[in-house]
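To start, the structure itself, in structure tokens.
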Amino acid sequence: MTGAGPLYPRCCIPDVRGCPSGQDRYDDVGQVRVQDDQKSAPLRADARRNREQIIDAARTLFVRVGADVPMEQIARAAGVGVGTLYRRFPDRDELISAVLLDNYARLVELARAAEEDRTDPMAALFTFLRSARGLRVSSMLTALSAIDGRTGELPGVAEQRVEVTAVVSTLLRRAQEQGSMRADIGIGDVVLAFGAVSRLVPPIGDDLGEMVFDRLFTLMTEGLRTPGGPLPGHPVEPSDVEELRSRGGVAGLGKPGPSDRIR
């Protein structure tokens, strides 16, 4: 077959991290085909659908179970075979990277949509934050904290983080100029407050957990509105967040890479 690599019998499959030795990286007939052009060739509709299902399942399980969730469990949740999972993502790191990149891409889309709303910047900002919470980015980064130190090196992540932060800064500035949000807060205050609230990840269908999150989210947003009592210290700026990250003082955010900076 053109573009296909060697066909390995089950007993000769190379061991990969996160996959039991000599097992699971094979297709339904007990073999796996390594495609030389696997990453460059366009995905068929069914392959693309499988990839999306795997990423969605991994996103949920990384948060609810942890970064070391068995790959077999991810495959079951995605409704695909383990061999299909490993053909798309040969090891755990590749799957983690794919989930992070997908989350940031979705955040960028949400941010761009929020920036278009010029009628009520505060409402647009809060809507964006609530939608972003659905992606569980902060919680997922906490679950992946052992690996997240390398996210700044992933192609596109640093640029996407900068774009999202710029949009949040723009919405905050518009709302402050409009007088609807406190004048004594900075983008860092919003990022850290939202990150702290978003650590709560109730199980699906947990009405109590959702109610608690709604209360915490409302407390956060009410604290950002005008009027409000004086806050201690000074508005948290991007440099303050970077300083905390560099010292490991912000759980889940990891230490920044050379190009991974909040602007």
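Residues: numbered from 1 along the sequence shown. Computed from heavy atoms alone, side chains included, the values below leave out hydrogens, waters and symmetry copies. Please read these numbers as outputs of a predicted model, since none were measured by experiment.
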**Donor-acceptor pair, side chain of Gln53 and main chain of Ala78, under 3.5 angstrom** = yes
**Prompt:** Counting distance only, does the side-chain N/O of Asp117 pair as donor-acceptor with the main-chain N or O of Ala114 below 3.5 Å?
**Reply:** no
Spacing of [atom1] belonging to [X] relative to [atom2] belonging to [Y], to within rounding of 0.5 Å:
{"X": "Thr218", "Y": "Arg130", "atom1": "OG1", "atom2": "CZ", "result": "6.0 Å"}
{"X": "Asp102", "Y": "Arg51", "atom1": "CG", "atom2": "CZ", "result": "7.5 Å"}
{"X": "Arg174", "Y": "Asp120", "atom1": "CZ", "atom2": "CG", "result": "11.5 Å"}
{"X": "Thr119", "Y": "Gln178", "atom1": "OG1", "atom2": "CD", "result": "8.5 Å"}
{"X": "Leu172", "Y": "Leu224", "atom1": "CG", "atom2": "CG", "result": "8.0 Å"}
{"X": "Ile55", "Y": "Ile74", "atom1": "CD1", "atom2": "CD1", "result": "11.0 Å"}

For the residue pair [X] and [Y], what are the closest heavy atoms and their distance?
{"X": "Val167", "Y": "Glu115", "answer": "CG2-OE1, 3.6 Å"}
{"X": "Glu72", "Y": "Val82", "answer": "CG-CG2, 4.0 Å"}
{"X": "Leu101", "Y": "Gln160", "answer": "O-OE1, 4.2 Å"}
{"X": "Asp240", "Y": "Pro235", "answer": "OD2-O, 3.8 Å"}
{"X": "Met122", "Y": "Arg225", "answer": "CE-NH1, 2.9 Å"}
{"X": "Asn50", "Y": "Val80", "answer": "OD1-CG1, 3.7 Å"}

**Message:** Within the structure provided, determine whether Phe128 and Val168 are in side-chain contact (heavy-atom separation under 4.5 Å).
**Reply:** yes
**Asked** Would Leu95 and Met71 satisfy side-chain contact (heavy atoms from CB on, under 4.5 Å), going step by step from the backbone distance to the final call?
**Response** CA-CA 10 Å; Leu95 178 55; Met71 298 291 267; 4.1 Å; yes
**Message:** What I want to find out is whether Arg49 reaches Asp46 closely enough, with some N-O distance under 4.0 Å, to be called a salt bridge.
**Reply:** no
**Message:** So that I can tick it off, tell me whether Glu116 and Arg112 are bridged by a salt bridge, with the cut-off set at under 4.0 angstrom between side-chain N and carboxylate O.
**Reply:** no
**Prompt:** Does the cation-pi check pass for Arg133 over Phe217, that is, NZ or CZ under 6.0 Å from the six-membered ring centre and within 45° of its axis?
**Reply:** no
**Message:** With a 6.0 Å cut-off (strictly less than), is the heavy-atom count around CZ of Arg215, excluding the residue itself, greater than 12?
**Reply:** no
**Message:** Run the side-chain contact (heavy atoms from CB on, under 4.5 Å) test on Val190 and Leu129 for me, step by step, so that the C-alpha distance in whole Å, both residues' side-chain angles and the decisive distance to 0.1 Å come before the verdict.
**Reply:** CA-CA 10 Å; Val190 177; Leu129 293 177; 4.1 Å; yes
